[in-house]
Structure formats: structure tokens, C-alpha cells
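Single-structure report; data block below.
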Amino acid sequence: MNKMTVRDLSFAGRRVLLRVDFNVPLDGPNVADDTRIRAAVPTIQFILEQKPRSLILMSHLGRPKGRRTPELSLAPVAPVLAKYLDLDVAFADDCVGIGVEAMIDALPRSGVILLENTRFHSGETKNDRDFARQLARHGEIFVNDAFGTAHRAHASNVGLSETMTAVAGLLLEKEIDYLSTTIEHPQCPFMAILGGAKVSGKIDVIEALLDKVEALLVGGGMANTFFAAQGRDMADSLVEFEALDIARGLLAKAGNKLLLPIDQRIADAFDNRATHRILDAAADLPSGWQSLDIGPATIGLYARELSGAKTIVWNGPMGVFEMPAFAAGTFGIAEILANQTANGATTIVGGGDSAAAVEQTGLADQISHISTGGGASLELLEGKTLPGLAALADR
Ligand code: AMP
């Protein structure tokens, strides 16, 4: 990597300001999924091992739109992090101001403090220079480890790096290694699996991947729009009629690289208790029915295709996996990826829903890399330059 990382600096005795991604789902006052907290631990430990003067953590959570919003406080994160670090983690109920500065000054040697949600201040998303300067006062060294916001130019990532030298944390380094370096120089055969609700949000990633992969396997609601573009009656399925021309264009461009499901699980309602059955992909859907998952023959076909792959990237669920009746396709792909990892392939799962699905299967530790950033991982796959990464100091 041509960007500076924590490995290039020494932290002993310094005040270290670390931007993490603690944008975790909350269930009332509790953290519902602590994946992102665990993902930040290696960088935090790496810095603490060098005995810094103090470690100041900042993050956003949700979209409070510049207002102090108690339901989006980062306070519930501090005890979870303290448990993983086996250390005290102080919590400041703001992220800037003299009260916070006094708390930071009063920290014991190598003390850790988590600051309140940066987005409680409108200067954060506006990338306001004054707000970035107030944050910068907290530290002498700035480490950015927040991959989930790397596609945004906000004060706590891009703004700060205009005031201080920004280096990547270990998580950011790993995300770049997999989602950028590996995908630019993959071991071949390189194949991709794309799913999720819509074609429209993924046109750029489809186009970018088509140039690189041997095969692009499609599932999820997105497949319905491709089928409708081919003239198949999809009845009540989710179809983006305004994207039919785009879908036709992509099919023509892709030729036989793009694979569509050969069977689907169709249901008579968008409901886990709906009546459902398997339908061959050559047949029109009966009126009132909708396709909610890929079928077993498709899982078999995709397993055979992927069995030869050396690099596999997956983004987007194969069906409405939130409902157990329509989760088999998505979980089946997770299993195929785990098997291929065991066979020596590099397997990469983009963040968001497909990452959550892999976590649910318990196979997460059998995948080479699961990204912590949904939007950011998609933009990297599209080959875009992410502002949060561009702002890191060059080596
Ligand atoms: P995306 O954010 O585009 O990756 O879409 C993820 C969402 O797509 C998930 O909430 C899935 O439930 C949904 N999804 C996947 N397959 C289908 C389908 N066949 N019909 C409707 N929604 C789907």
C-alpha cells in the first residue's frame, strides 16, 4: 500500500486521535451487533502496546443531522469496548469543547476515552474547517480506521487530515488490501456474485466487475429486473421498470459472462408464512406471485461455477434472507464461499446485508475478508477514489 499506516509511526508518549467506525446498530440502550467494535480492537491494541500518553476515540452513529439525539449516543459502546480491551474506557458526553479537553488532560497514562457522536455537530457532515480544528486539538497524531465512512468527506476523516497528517489503521489497511489491491490484481479465475434489491444502485459495480471477472453470478431482486428485461412476466416480483433499458444494455454487454438464476423460490405474498414453491426460470410467474429467493438448482449451478475460482467477491443477498423461508439462497452462497476459502481461494464479502448474512450463518471466520463498510466497499469495487482514503498521507 502506498499510504502511511500505524506501522510507520511511533506512538509512545503521544496523544493519539483515532477515528473509528462505531456506527453500530442499537437495540434501545444496548449494542445489537458489535462486529464493528471488535473490528477496531486490533488497531487500538497496536497503539496501546506502545504506551501513548492517551488514546482518544471518535466516531459517528446514525444520522442525527447535527442535533444532540439521545437515542444515537455512543455511550452504550464504551462498556462493550472496555470488555474487549479489558481496560477502563472513559466517555465524554461531547466531542469538542473545553470540558472534553479537560477530561482528556486528566486521563491517566495510556488512558482511553470515547467521545460522543461527532454528528451531533452539523460541522461534521459539512466538513467544516473550524469543527475539524476543534477535533484536532485533542491529539498530536491522527489515525483513521473508519472504513465505513471512507466514501464521505467529513470533518472527522477528511477535514482532520487537512490539519494533521493522517495515517491508516490496521482495519483500513486490510480493507484496502482486499477491496482494492486484490481486486485490481486478482488471482484468476476471478468471479463475482451480486444480489440485493435493485439493479439501479449497482450499475457502476456491475460495469466495473464485468471488465475484470470471468463470470458474474446474479441473484436477489436484481435478477427479477434482468428477467423482466428479457420479456419474462415476473408478476408481483420486485421489478425496476425504469431500469429495464439499462438491464438490457448490461445483458448485451456481458454476453455469457452474466449468469441468471435457473430456478427461483416464488411466494404468493411478501410474508415468511406465505405459500411458496420452486419455479423454473424459463416459466412466467403466475399472477399474484413473486420471486423471493434463488432456488436449489441455482445454488448447485453457482457452486459448480465457483468451484474453479481463485478469487471471489460477493455483494448483496440472493433473496429476502431476513425471512427464514427465503434465506436458503443467501446462506447457500455463504457456504460455497466458506468451502472455496478452504480450497485456497480468496473470498471477499462486501459490507452491509451480505456481511450480516454471513455473520448469521456462523461462517464469518471461514471467509478471507468481510468488509465493515457497505457503501464504501461498493464504491471501492466500482473503482472509485474514496475521499477518506485519498486524504491519507502518502508513503
Ligand atoms: P441491497 O441494499 O440492494 O443490497 O438490497 C438488500 C435487500 O434486498 C435485502 O433487504 C433483501 O431482503 C432484499 N431482496 C433480496 N432479494 C429480494 C427479492 N427477490 N425481492 C425483494 N427484495 C429482495
Side-chain angles (χ1 to χ4, degrees), residues 23 25 33 148 151 179 192-209 216-229 232-243 246-247 250 259-281 284-286 288-296 298-299 302 313-334 348-361 370-382:
N23 182 26
D33 178 346
H151 57 318
L179 288 159
I193 311 153
L194 282 183
K198 295 178 173 178
V199 174
S200 56
K202 296 197 178 152
I203 298 164
D204 290 346
V205 76
I206 296 173
E207 293 207 337
L209 287 172
L216 182 67
L217 318 182
V218 172
M222 183 195 288
N224 298 334
T225 300
F226 282 115
F227 281 130
R232 185 177 168 211
D233 184 348
M234 296 306 292
D236 283 5
S237 303
L238 174 73
V239 171
E240 281 177 282
F241 290 100
E242 63 287 358
I246 291 167
L250 289 170
L259 270 70
L260 289 173
I262 51 174
D263 65 342
Q264 287 169 299
R265 184 163 296 278
I266 63 165
D268 65 356
F270 189 83
D271 189 324
N272 191 44
R273 290 157 307 174
T275 304
H276 53 83
R277 64 184 170 85
I278 297 299
L279 180 74
D280 191 278
D284 286 337
L285 269 73
W289 287 63
Q290 55 189 299
S291 168
L292 294 180
D293 196 9
I294 57 173
T298 305
I299 300 174
Y302 287 3
V313 59
W314 174 27
N315 182 291
M318 297 288 101
V320 185
F321 76 104
E322 296 92 337
M323 298 185 206
F326 311 108
T330 302
F331 291 171
I333 293 292
I348 302 167
V349 177
D353 284 318
S354 23
V358 176
E359 293 286 344
Q360 276 180 40
T361 60
I370 301 177
S371 176
T372 53
S377 70
L378 210 55
E379 290 197 18
L380 257 195
L381 291 178
E382 287 166 4

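Note that ligands are numbered from 1 as they come in the structure, with each ligand's atoms numbered from 1 the same way.
Put simply, CG on Asn315 and CG on Leu378 are 5.0 Å apart, with the number rounded to the nearest 0.5 Å. Note that the OG1 atom of Thr330 and the CD1 atom of Ile294 stand 7.0 Å from one another [nearest 0.5 Å]. Here Phe326 contributes atom CZ and Ile266 contributes atom CD1; the two are 10.0 Å apart, rounded to the nearest 0.5 Å. Interatomic distance, Arg265 CZ to Leu279 CG, rounded to the nearest 0.5 Å: 11.5 Å.
Every protein residue with a heavy atom nearer than 4.0 Å to ligand 1 is included here: Gly196, Ala197, Lys202, Gly220, Gly221, Asn224, Leu238, Ser291, Leu292, Pro317, Gly319, Val320, Glu322, Asp353.
Using a 4.5 Å cut-off on side-chain heavy atoms (C-beta onward), Phe226 and Leu250 make contact. Considering only heavy atoms from C-beta on, Leu381 comes within 4.5 Å of Leu179 through its side chain.
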